[in-house]
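Scope of the values below: all heavy atoms of this structure, side chains included, with no hydrogens, waters or symmetry mates.
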Amino acid sequence: MDLYTRLLLGVTALAVLGYIGLVYGSCATDPDCHFRLCAGGRAFCGVDHVHVRDR
């Protein structure tokens with residue numbers, strides 16, 4: 001694998017990890033944010049932002 005390919009893979013990995021950290025990390029500090037489960041109920045599919053009084 002050449003240097004350019006390694007650079008692109010590294011940048012892509014950092015972008016993905018940064019996005020996941022931003023979305024899920026910011027949800028941890030917000031009381032209106034909670035994790036949404038998939039249809040089977042065994043895995044997380046994302047986050048929902050719902051006000052406490054709307055739940």
Side-chain angles (χ1 to χ4, degrees):
M1 192 177 336
D2 65 343
L3 182 63
Y4 185 69
T5 305
R6 288 183 186 185
L7 177 67
L8 288 177
L9 286 172
V11 169
T12 303
L14 285 175
V16 169
L17 291 175
Y19 174 76
I20 290 171
L22 179 71
V23 170
Y24 292 106
S26 64
C27 186
T29 60
D30 189 358
D32 292 334
C33 186
H34 64 279
F35 296 108
R36 182 181 64 206
L37 296 176
C38 292
R42 295 183 181 173
F44 293 121
C45 286
V47 294
D48 285 331
H49 192 269
V50 179
H51 293 288
V52 175
R53 65 177 178 268
D54 294 340
R55 286 188 198 166

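Within the model, atoms CG of Leu22 and CG of Leu17 stand 12.5 Å from one another, a figure rounded to the nearest 0.5 Å.
Under the side chain to side chain contact (heavy atoms under 4.5 Å, CB included) test applied with Thr5, the options Leu8, Leu3, Leu9 reduce to a single match, Leu9.
The two residues Arg6 and Met1 have their closest heavy-atom pair at NE-O, 3.6 Å.
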